[in-house]
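Numbering of ligands and ligand atoms starts at 1, following listing order. Atom set for the values below is all heavy atoms of this structure, side chains included, hydrogens, waters and symmetry mates excluded. All values reported here derive from a predicted model rather than from experimental measurement.
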Amino acid sequence: MADQSGRKHVAICGGGLVGALNACFMAKRGYFVEVFEMRPDIRSQEIVRGRSINLALSIRGREALSRVGMEDVIIQKGIPMYARMIHDISGTRRPIPYGRDKQNIMSVDRRLLNEVLLDAAEEYPNVKTYFNHKVQSCDFETGEIVFLKDDKETVTRKVDLIVGNDGAFSAIRRQMMKTVRFDYQQTYIPHGYMELNIPPTQNDEFAMEINYLHIWPRNEFMMIALPNLDKSFTTTLFMPFELYDSLKTEEQLMQFFHDKFPDSIPLLGEDHLKKTFFNSKALPMVSIKCHPYHVGSKAVIMGDAAHAMVPFYGQGMNCGFEDCIVLADMLDQYNDDFSKALPAYTEHRNPDAKAMCDLAMYNYIEMRASVNSPLFLLRKKLDNLLYTLFPRTWVPLYTTVSFTRTRYHQCIANREWQDKVLRDAGYSAAGMAFIGVILMLWARLSGTQDSSPAELISYLWGRVSEAINSWKS
Ligand SMILES: Cc1cc2nc3c(=O)[nH]c(=O)nc-3n(C[C@H](O)[C@H](O)[C@H](O)COP(=O)(O)OP(=O)(O)OC[C@H]3O[C@@H](n4cnc5c(N)ncnc54)[C@H](O)[C@@H]3O)c2cc1C
Ligand SMILES: Cc1cnn(-c2ccc(OCc3ccccc3)c(C(=O)O)c2)c1-c1ccc(Cl)c(F)c1
């Protein structure tokens with residue numbers, strides 16, 4: 001409970017990415033913050049070379065880091081990716097920029113990010129961190145939480161606010177499910193993921209172009225690679241579990257990679273590929289949506305505890321980091337009155353987090369269905385062309401999600417409008433479609449349906465020549 005000085009006492013359950021960042025947000029408010037993490041302190045764990053896992057950090061996550069003065073220090077430890085590099089089956093690589101003006105998403109090391117955020121949280125005199133403390137039970141009436149330590153002793157706290165940042169399999173959310181009318185939905189997808197590693201070359205150089213998100217789109221399965229500061233690439237293979245299971249021998253594995261990802265074999269190294277593939281287990285991916293995110297004025301869940309999503313948009317952490325901004329804004333709006341701020345947080349954030357879960361699942365489905373590289377290239381290039389011609393009207397979905405802080409549910413509305421325009425124009429009649437799209441956009445842009453064809457042609461020529469020039473530069 002609030003201590004003698006009247007400071008609110010908050011227990012953050014989970015010292016992962018969102019919990020560590022949230023501790024900084026809460027500490028800045030003057031709360032007394034205790035972070036309880038069930039695992040040992042990652043900063044004391046041995047670093048295993050070639051086992052680094054990285055994440056794509058985009059604008060939403062960067063804005064949250066910026067709010068607590070951590071953006072610059074994290075960016076310095078990341079690698080900007082200005083474009084996606086599409087690897088087709090022939091091994092040809094085609095770059096497609098994310099946008100103009102060096103727009104980029106950052107590849108950051110997961111462990112480094114967590115360590116830096118834990119260090120930052122501990123810099124605050126009003127933050128205490130505890131490791132090897134696992135949430136065992138909690139009471140949303142009294143604010144009491146019981147933690148089990150690895151020596152089997154228990155520790156109890158009674159706090160003003162219980163914050164569940166304990167990930168996709170959250171104990172705090174589990175308790176919420178028993179306590180309130182709680183809607184819960186979880187979906188495991190038939191795909192699993194496996195982390196591989198593309199090491200630096202013999203002369204300690206990056207083995208591929210550095211500032212790119214490398215994508216091998218193969219419909220039913222895909223692979224991506226993000227660069228690391230140690231000049232390696234963390235490579236993630238996404239495939240159905242039954243396909244993993246079907247590759248039982250080294251010959252079958254190599255034949256599969258030779259047929260589907262031929263250019264990756266010399267990059268990964270045949271021995272590393274065989275060793276990692278047969279010594280690793282493909283891991284599951286789950287999508288979790290729930291409501292509400294709070295209980296009374298005593299508890300709130302954020303990050304994967306509230307909205308775990310399949311990783312096909314690279315937004316899970318970014319969404320969890322943005323949760324910290326939304327809650328802080330609600331606490332500002334309601335002067336730290338939890339009885340008002342928490343319901344307002346659920347009301348504002350739930351539709352957006354569910355929308356992002358849906359977008360990530362939509363991407364997974366789209367990627368499986370229709371994204372061999374030629375189609376992927378076409379859609380991306382069409383998106384980029386229309387964005388160049390109508391920057392204020394045609395903003396590609398990926399751009400709204402990764403390069404703006406447009407509310408996630410608005411990103412979906414924007415995409416549905418685009419799909420309608422493309423559908424109405426008729427994808428197959430390419431010529432008609434293109435003119436149809438231009439006309440509809442013109443009508444929407446100028447707000448008048450009766451502009452003359454001559455006006456349109458001269459406007460169009462102006463935009464097209466602008467676009468050609470910008471493409472040339
Ligand atoms: C393959 C893959 C790729 C991804 N790529 C990206 C990406 O590119 N960009 C992106 O934005 N996101 C990405 N994500 C998603 C991102 O990893 C998660 O959204 C993010 O880690 C969520 O952070 P969190 O703190 O909410 O949960 P976690 O990171 O899961 O942290 C939860 C913490 O709580 C602790 N904990 C759990 N239970 C208890 C308990 N009972 N008591 C105490 N502590 C507990 C755990 O030990 C852990 O430290 C990816 C995910 C996957 C699986
Ligand atoms: C980790 C991370 C960060 N961002 N993205 C991402 C996501 C979607 C994208 O586009 C939509 C689209 C891509 C492929 C097919 C249809 C639509 C793009 C893009 O346009 O570059 C980039 C990923 C990612 C994560 C997993 C897979 Cl499998 C993947 F391919 C990329």
Side-chain angles (χ1 to χ4, degrees), residues 12-22 35-40 42 53-58 60-61 81 83-86 96-98 105-108 110 113-114 117 130-136 138 145 147-148 164-174 191-195 212-219 221-226 234 236-238 283-286 301-323 359-360 362-373 375-376 379-380 383-384 396-399 401-402:
I12 292 181
C13 304
L17 295 171
V18 175
L21 177 66
N22 216 7
V35 182
F36 297 93
E37 165 56 45
M38 78 174 180
R39 294 192 181 128
I42 54 169
I53 308 291
N54 50 25
L55 300 144
L57 173 69
S58 43
R60 298 170 198 266
M81 300 182 284
R84 63 286 269 190
M85 182 67 84
I86 309 305
I96 308 177
Y98 278 114
I105 52 178
M106 293 295 287
S107 174
V108 293
R110 174 192 287 270
L113 180 56
N114 206 161
L117 289 174
Y130 304 88
F131 298 91
N132 304 305
H133 280 62
K134 179 177 183 179
V135 173
Q136 191 179 56
C138 61
I145 319 173
F147 300 95
L148 181 65
N165 292 156
D166 47 345
F169 306 100
S170 163
I172 304 300
R173 187 188 66 229
R174 233 183 351 263
H191 278 59
Y193 73 92
M194 183 182 284
E195 310 280 6
Y212 293 84
L213 196 169
H214 293 265
I215 302 179
W216 288 259
R218 299 289 186 273
N219 283 358
F221 35 83
M222 60 286 287
M223 194 158 70
I224 61 173
L226 280 67
T234 299
T236 310
L237 175 64
F238 299 95
L283 297 173
M285 292 172 278
V286 68
I301 51 176
M302 304 156 75
D304 276 18
H307 45 68
M309 58 190 77
V310 292
F312 297 94
Y313 234 110
Q315 277 296 314
M317 167 191 65
N318 286 285
C319 184
F321 280 10
E322 193 177 55
D323 290 353
L359 274 173
Y362 167 84
N363 225 27
Y364 163 65
I365 292 159
E366 186 185 351
M367 291 174 89
R368 280 179 57 188
S370 62
V371 74
N372 57 49
S373 39
L375 213 57
F376 180 91
R379 178 65 193 257
K380 291 295 173 189
D383 259 348
N384 281 1
L397 174 63
Y398 187 75
T399 303
V401 168
S402 302

Would you check the N or O atoms of [X], main chain and side chain alike, for any that come under 3.5 Å of an N or O of ligand 1?
| X | value |
| --- | --- |
| Gly314 | yes |
| Ala56 | yes |
| Glu37 | yes |
| Phe169 | no |
| Glu195 | no |
| Pro311 | no |
| Ala171 | no |
| Asn318 | yes |
| Asp304 | yes |
| Ala168 | no |

Legend entry - Centroid-centroid under 6.0 Å between Tyr362 and Phe312 rings: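 Not under 6.0 Å, so no.
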Quick one: which ligand 1 atoms are inside 4.0 Å of a heavy atom on [X]?
| X | answer |
| --- | --- |
| Gly167 | 27 (O), 30 (O), 32 (C) |
| Asn165 | 32 (C), 33 (C), 34 (O) |
| Phe36 | 43 (C), 44 (N) |

Inset, instruction - Applying salt bridge (charged side-chain N to carboxylate O under 4.0 Å, His left out), name anything that partners Arg173, two or more places apart in sequence or on another chain. - result: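 If we apply the salt bridge (charged side-chain N to carboxylate O under 4.0 Å, His left out) test to Arg173, skipping adjacent residues, there are no hits.
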Inset, instruction - Answer with yes or no whether Tyr364 contacts ligand 2, where contact means a heavy atom under 4.0 Å from a ligand atom. - result: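 The answer is no, since Tyr364 has no heavy atom less than 4.0 Å from ligand 2.
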Legend entry - Heavy-atom gap Lys380 to ligand 2 smaller than 4.0 Å: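 Lys380: in contact with ligand 2 (<4.0 Å).
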Legend entry - Within reach of ligand 2, part of Ile96 (heavy-atom separation under 4.0 Å):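 Neither; no heavy atom under 4.0 Å.
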Inset, instruction - Could you see which bit of Met223 sits under 4.0 Å from ligand 2, with heavy atoms only: side chain, backbone, both or neither? - result: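 Neither part.
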Legend entry - Expected output: side-chain Asn165 to main-chain Gly303 donor-acceptor under 3.5 Å: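 The answer is no, because no donor-acceptor pair under 3.5 Å joins these two groups.
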Legend entry - Check: Arg84 N/O within less than 3.5 Å of ligand 2 N/O: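 Right, the criterion is met.
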Show the atoms of ligand 2 that are less than 4.0 angstrom away from any heavy atom in [X].
| X | answer |
| --- | --- |
| Leu213 | 2 (C), 3 (C), 4 (N), 5 (N), 23 (C) |
| Met222 | 28 (Cl) |
| Tyr98 | 19 (C), 21 (O), 22 (C) |

Legend entry - Approximate separation, where rounding is to 0.5 Å, of Ile86 CD1 and Ile96 CD1: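 Going from the CD1 atom of Ile86 to the CD1 atom of Ile96 covers 5.0 Å.
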Legend entry - Heavy-atom nearest option to atom 5 (N) of ligand 2, drawn from Tyr212, Phe312, Phe238, Tyr398: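 Looking at heavy atoms only, the winner is Tyr398.
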Legend entry - The one among Ser402, Gly316, Pro311 that brings a heavy atom closest to atom 26 (C) of ligand 2: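 The option holding the nearest heavy atom is Pro311.
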Inset, instruction - Consider only side-chain N and O atoms of Ser58 and Gln315, and report whether a donor and an acceptor are under 3.5 Å apart. - result: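 The answer is yes; a qualifying pair exists.
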Inset, instruction - Sequence neighbours left out, what passes ring pair (Phe, Tyr, Trp, His ring centres under 6.0 Å) with Phe131? Give chain and number order. - result: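 Listed in chain order: nothing, the list is empty.
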